Amino acid sequence: MGEEKKGFFARLKAGLAKTRNNIVHGIDQVFSGYSDIDNDFYEELEERLIMGDIGVNATSEIMERVRESVKTLQIKVPWQCKKLLINSIKEQMQVQETAYDFENKKSVIFVIGVNGVGKTTSVGKLAYNLKASGRKVLIAAADTYRAAANDQLREWANRAGVDMISSKEGTDPASVVFDAVSAAKARNVDVLICDTAGRLHNRKNLMEELKKMNRIIDREFPDAHRENLIVLDGTTGQNALVQAKEFGSVTDLTGIILTKLDGTAKGGIAVAIQSELKVPVKYIGVGEGIEDLQKFDSNAFVNALFEVQDGEFEED
Amino acid sequence: MAFESLSDKLQNVFKNLRAKGRLTEEDVKVALKEVKMALLEADVNFKVVKQFVKSVEERAIGQDVMSGLNPGQMVVKIVHEELISLMGSDTTEMKLAPGQQTTVIMMAGLQGAGKTTTTAKIAGKLKQKSKKPLLVACDIYRPAAIEQLHINGEKQGVDVFSMGTGHKPVDIAKAALEHASKNGHNVVILDTAGRLHIDEAMMAELQEIKACITVHQTLLVVDAMTGQDAVNVAKEFNEKVGVDGIVLSKMDGDTRGGAALSVKAVTGKPILFVGMGEKLSDLEQFYPDRMASRILGMGDVLTLIEKAAENIDIDEAKEKDMMSRMKKGKFDFEDYLESMKQMRNMGGLGSILGMLPGMGIKAADLENAIDEKQMKRTEAIVLSMTPAERKNPKLLNPSRKHRIAKGAGVDIAVVNRFIKQFEQSQKMMKQFSGMGKRGFGGFPGMGGRGGRKYF
Ligand SMILES: Nc1nc2c(ncn2[C@@H]2O[C@H](COP(=O)(O)OP(=O)(O)OP(=O)(O)O)[C@@H](O)[C@H]2O)c(=O)[nH]1
Ligand SMILES: [Mg+2]
């Protein structure tokens, strides 16, 4: 057994080492590496997509679209597929023009997601962005669970120069939301942003708690435009799809904030979510600084998706 | 849920195989193709999957399989063995410096992986082992990271050392070591800031700490939900900083946890702990064989039992007595009260449920079934019984039941239903008494809708 194990690791390590020293131009390598569009070519293309966390299902769908187009357009050469593939994903990931309307309305932004994905940081960045564009912003510390969550958000409120409704550890987050909505109305705030505690989507009671907060916003502030953003860590694999599904059953998700794209993960799971749940990515997080939040650009996203991760995983 | 778990998937594949009886080379290939897909959907890195499937195939096709009695079982066995061997064949305990020496542990990982919480959890474990840990706040970047560590330290009853955000982490670490030796701390745990593996400056910070002080254990905390990128992260941390062990966090989610395989395969370092929840007691040892069994759908009964044993504070004699009565189906209402108390102690039932093998239980179901309100209500019913009635449920005639209903402030129908369920539970207890040797004072019939389908 020991012998075999060693063999396995040795082989794997050798493979990965090779990848590192052999950074070729990502997906281009597949396109130029084959002279015919055959099964091997398709298979390798498929592998590239899976390596980007796009997932088995969404990948099969994309591949089906590619195969169809190849047939109808009578494409014979692999590199001609490239444009086809990339454009098709770019199109799919395009954000609607109305996606950012909430920025100019009276709105409540409800920020939710599992633990550690970057909710609080994103709330800080969003507050900063909105304030910079002249909006009156209020943020609510509705994470009453995690240690020092309130202090953390307070720091962001200071950095962004916006007001905050604070809370004490262990209190009812719904009452914080209630207070925040009242304050937002009383102070004639343009945008109220609610930070919430990270919670795993399979925790039924915690999801119920989120529903309660959602109801309170609906009930207390029916005129406000609702923006419900799920924060997803760009490094997360297929579970992000389940997260989006489950959080989507608490409130109507209007968008995704995809964080940590400054790493080597490119957030390919967002493609799967878009294709299965039709929830668009609206912002991306590209660092820990207050200015490191960008509006989503499907061109840049898809380009990055294929470039980097391909080079990293070049085979032989 | 619409998503099949890896266990379900593999189970389905092998169910078909079993049904076929004898395996051809083609059968193995078809089955392994499914395995491959399942593993990919579980976020096991593509490269790791390829190697894994190849090695299983090599073993499965040919003599090994042909000599097996039941070909399907043989493949299960091979996949299982290979999974175990991939994850490390033994349970590894974290190494502590011998004798009176101080062990220095450094936590490392990406942002949001769960380092600060894990730091406090490990401290709790060490405290249980009569160590005197010191937690050190080396995250000078994330707002309120230091406060978070202080609060967690306090909850765990361990000391925390911090110097604010104005000093370099390496200097904080050095000062902490001095503080530790003066104050008799024999384990020092450095909580560091989350960082990207490609952030050269931040990686250099960890290297500097390691260059200036002796770090005995560098633990990489990896979010169990990580996707394909897990290999890059693990590889970079291991090459640049050096990793001695891995902690898998957020395993209480419903992620299929393929990252565990990837990280293990890339670093070759043992997975030491598994984070099973937000509570500071939710840290478990990692058992490769159990994990493999869990992946294959055999569940994790052993972990379940151990967890129960650890958290339940009940004296041995009483427990033994209770278990033996349970086995005979002589579980009474006193025991019921006791086990209710235990259930509360155990906390997050969802996390326990995930460990139970293919019983078709979802965490959500259980949380539904055993909601706190219902527990309170049934508790009130039991408390309205006389001690004699609790000891001998047979005494409960209609007039007594009426009195109880009044006392508990519920409808008589509720009392009747509860007692009926209780009787069913007794029966089930008898059937399932073989499940655990210790402590797990069972939850059948705990809630209104419980019992019926759970066992
Ligand atoms: N590199 C990088 N780090 C990020 C980004 N967004 C957030 N982070 C970091 O990720 C970590 C977790 O961020 P938080 O904002 O505390 O995450 P959260 O979702 O509020 O966490 P909980 O409230 O504990 O569930 C922090 O160290 C952040 O600095 C990003 O876009 N890039
Ligand atoms: Mg937060």
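Just so we're clear, the structure is a prediction, and the values are computed from it rather than from any experiment. Naming: A, B, ... by sequence-line order, numbering from 1 per chain.
- Summarising the geometry, atom CD belonging to A:Glu155 is positioned 9.0 Å from atom CD belonging to B:Glu147; distances are rounded to the nearest 0.5 Å.
- How far CD1 of A:Ile269 is from CG of B:Asp43: 7.5 Å, rounded to the nearest 0.5 Å.
- Looking at A:Glu208, there are no atoms closer than 4.5 Å to chain B (heavy atoms on both sides), in backbone or side chain.
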Steps toward side chain to side chain contact (heavy atoms under 4.5 Å, CB included) verdict (B:Asp254, A:Glu246): CA-CA 11 Å; B:Asp254 54 6; A:Glu246 294 296 319; 5.5 Å; no

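- No other option in A:Lys260, A:Glu288, A:Arg146 has as many heavy-atom pairs under 4.5 Å with chain B as A:Arg146.
- For CD of A:Glu291, the number of neighbouring non-hydrogen atoms (other residues, nucleotides, ligands) closer than 6.0 Å is 12 at most.
- Of the two parts of B:His150, neither the backbone nor the side chain holds a non-hydrogen atom closer than 4.5 Å to a non-hydrogen atom of chain A.
- Scanning all heavy atoms of the two residues, the minimum distance from A:Ala147 to B:Asn152 falls at CB-OD1, 3.8 Å.
- In terms of the ring pair (Phe, Tyr, Trp, His ring centres under 6.0 Å) criterion, A:Tyr145 has no residue partners (sequence neighbours excluded).
- Listed by chain and number, the residues in a ring pair (Phe, Tyr, Trp, His ring centres under 6.0 Å) with A:Phe301 are A:Phe296 (sequence neighbours excluded).
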Please lay out, stage by stage, how A:Glu46 and B:Lys36 fare under the test salt bridge (charged side-chain N to carboxylate O under 4.0 Å, His left out). CA-CA 14 Å; A:Glu46 216 171 271; B:Lys36 184 174 150 182; over 6 Å; no

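- One distance of note links OG1 of A:Thr121 with CZ of B:Arg142; it measures 7.5 Å at 0.5 Å rounding.
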Verdict with reasoning, B:Glu278 to A:Asn115, per side chain to side chain contact (heavy atoms under 4.5 Å, CB included): CA-CA 9 Å; B:Glu278 284 189 272; A:Asn115 314 79; 3.1 Å; yes

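- Separation of atoms NZ (B:Lys235) and OG1 (A:Thr264) is listed at 10.0 Å; rounding is to 0.5 Å.
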Side chain to side chain contact (heavy atoms under 4.5 Å, CB included) evaluation trace for B:Leu110 with A:Thr235: CA-CA 10 Å; B:Leu110 295 180; A:Thr235 317; 4.1 Å; yes

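- To the nearest 0.5 Å, atoms CG (B:Leu40) and OG1 (A:Thr59) are separated by 9.5 Å.
- There is no contact between B:Ile146 and chain A, counting heavy-atom distances below 4.5 Å.
- Closest of all the heavy-atom pairs between B:Gln228 and A:Met51 is CB-O, 3.5 Å.
- Across A:Val117, A:Thr120, A:Asp151, the residue that shares the most heavy-atom pairs under 4.5 angstrom with chain B is A:Asp151.
- If you measure heavy-atom distances from A:Asp262 to chain B, the contacts under 4.5 Å come from both the backbone and the side chain.
- Nearest heavy-atom pair across A:Gln238 and B:Glu41 is CG-O, 3.4 Å.
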Check against side chain to side chain contact (heavy atoms under 4.5 Å, CB included), B:Met225 and A:Gln243: CA-CA 11 Å; B:Met225 297 181 274; A:Gln243 291 169 23; 3.2 Å; yes

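- Taking all atoms of both residues into account, the shortest heavy-atom contact from B:Ala144 to A:Gln152 is CB-N, 3.3 Å.
- Ranked by heavy-atom pairs shorter than 4.5 Å toward chain B, the options A:Ile50, A:Asp53, A:Leu200 are led by A:Asp53.
- In this structure, chain B has a heavy atom under 4.5 Å from the side chain of A:Arg159, while its backbone stays farther away.
- Note: A:His201 NE2 to B:Thr255 OG1 = 8.0 Å, rounded to the nearest 0.5 Å.
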